[in-house]
Q: 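Sending over a structure as structure tokens; questions will come in a sec.
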Amino acid sequence: MKKTMKHSLFALLSAVLLVAGCGNGTETTNTSANNTTSENNSQGEAAEQQSEAKPVGELVDYKIVGIDPGAGLMKSTAKVIEEYGLEKWELVEGSGAAMTAALKDAYEDKKPIIVTGWTPHWKFSKFDLKYLEDPKGIYGAAEQIHTIVKKGLKEEQPSAHAFLDNFSWEPSDMETVMVEVMEGKEPQQAAKDWIANNEEKVNKWIEGVEPVDGATITLGYVAWDSEIASTNVVKAVLEDKLGYKVEMSQVEAGPMWVGVAEGDLDAIVAAWLPTTHADYYKEYEGKFEDLGPNLDGTKIGLVVPAYMEIDSIEDLKAE
């Protein structure tokens, strides 16, 4: 009996020592893993702090992603680079589509990027963005988009002239069409859908305007998302409500103004004034008719994701 008890005590003591030994091994392993994790976190934080300590120019290779070279926004940005002393910076020419694609890629990866931007634009509905402050006021204050028609349009196409003179909408209207196009809907269909949902506003544009029987009118526009939206809406109203046959001509800003000044284009609803297209307006003044603004509250400037810790163009100066 005593021998049995001795064996039992020995077995119990062995089990206790085994458990204790395993416990010590686990604790050592966890401590090692925790130390490794802590070291990795510290390295990540150090790398992040080092990245944040770099001048913003180094983070984006001293590049501002622009749009088509003929745009007034690009001219203003070139002046910004000069006036703010950003000698190391490069304004990259491209297109509106290329700019938004680059912005989308950077935003999804939370990478820094600086682009030329304007509102209304769908990107402000999809991403958390901000304009950089412009202390020198080079980009100007809020702008308007005007409707410009060729000389003599009122006599040649009085119904089209009357409608274009009445055409006016809000930034939120334009953004609705832009977002639908961005999400994959064809521009013409997005325009028709917007018209169907805003019959009261559209009917005011054409109130008292006599329909025609298939007369042709040509609209010019630049390949900005905003102007694609507005020009397709105007086209749909002219065709579906007033009986016109509409031809659309996509060109850059310079040829667009030349076209309406020389009468090759009947109208544009894409004149950003008083700043963006100021040079064209001055050059061709007297060769077109300005029907006034069709949209208030536009803005242009340099745009960055809200997660970037810069607030002013002054922050872009090389350190």
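On a predicted model such as this, the values are computed, not experimentally measured, just so you know.
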Q: Taking the ring centre of each residue, are F167 and W169 less than 6.0 Å apart?
A: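 F167 vs W169: aromatic centres under 6.0 Å.
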
Q: Yes or no on salt bridge (charged side-chain N to carboxylate O under 4.0 Å, His left out) for K241 and E199, after CA distance, side-chain angles and deciding distance?
A: CA-CA 11 Å; K241 303 289 186 181; E199 287 287 352; 3.1 Å; yes

Q: Out of curiosity, D213 CG to L242 CG, how far, rounded to the nearest 0.5 Å?
A: 12.5 Å

Q: Verify whether one side chain among T147 and N294 offers a donor that lies under 3.5 Å from an acceptor in the other.
A: yes

Q: Do other residues, nucleotides or ligands put more than 12 heavy atoms under 6.0 Å from the NZ atom of K201?
A: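 Atom NZ in K201 is packed in, count exceeds 12.
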
Q: Among M308, H121, K123, exactly one meets side chain to side chain contact (heavy atoms under 4.5 Å, CB included) together with L129. Which residue is that?
A: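 Considering M308, H121, K123, a side chain to side chain contact (heavy atoms under 4.5 Å, CB included) with L129 is found only for K123.
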
Q: Given the rule in the salt bridge (charged side-chain N to carboxylate O under 4.0 Å, His left out) test, do D193 and K185 qualify, once you have shown the distances and angles that lead to the verdict?
A: CA-CA 10 Å; D193 291 346; K185 189 175 289 187; 2.8 Å; yes

Q: Check whether more than 12 heavy atoms from other residues, nucleotides or ligands sit under 6.0 Å from atom NZ of K75, and answer yes or no.
A: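 Yes, because the 6.0 Å sphere around NZ of K75 holds more than 12 heavy atoms from other groups.
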
Q: Applying salt bridge (charged side-chain N to carboxylate O under 4.0 Å, His left out) to E183 and K126, what does each step give before you reach the verdict?
A: CA-CA 11 Å; E183 291 179 344; K126 287 293 181 181; 2.9 Å; yes

Q: How many angstroms lie between atom CG of D225 and atom CD of E175, to the nearest 0.5 angstrom?
A: 11.5 Å

Q: Please report whether the ring centroid of Y131 lies less than 6.0 Å from that of F124.
A: yes

Q: Any chance you could lay out the salt bridge (charged side-chain N to carboxylate O under 4.0 Å, His left out) test for D311 and K130, step after step, and finish with the verdict?
A: CA-CA 8 Å; D311 298 299; K130 61 183 177 182; 3.1 Å; yes

Q: For the residue pair F288 and W257, is the inter-centroid distance of their aromatic rings smaller than 6.0 Å?
A: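 Yes, they do, as the ring centres are separated by less than 6.0 Å.
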
Q: If you count heavy atoms of other groups shown closer than 6.0 angstrom to CD of Q189, is the number above 12?
A: yes

Q: Would you say the side-chain atoms of D296 and Q144 include a donor-acceptor pair closer than 3.5 Å?
A: yes

Q: Got a second to check how far I313's CD1 is from I64's CD1, nearest 0.5 Å?
A: 8.0 Å

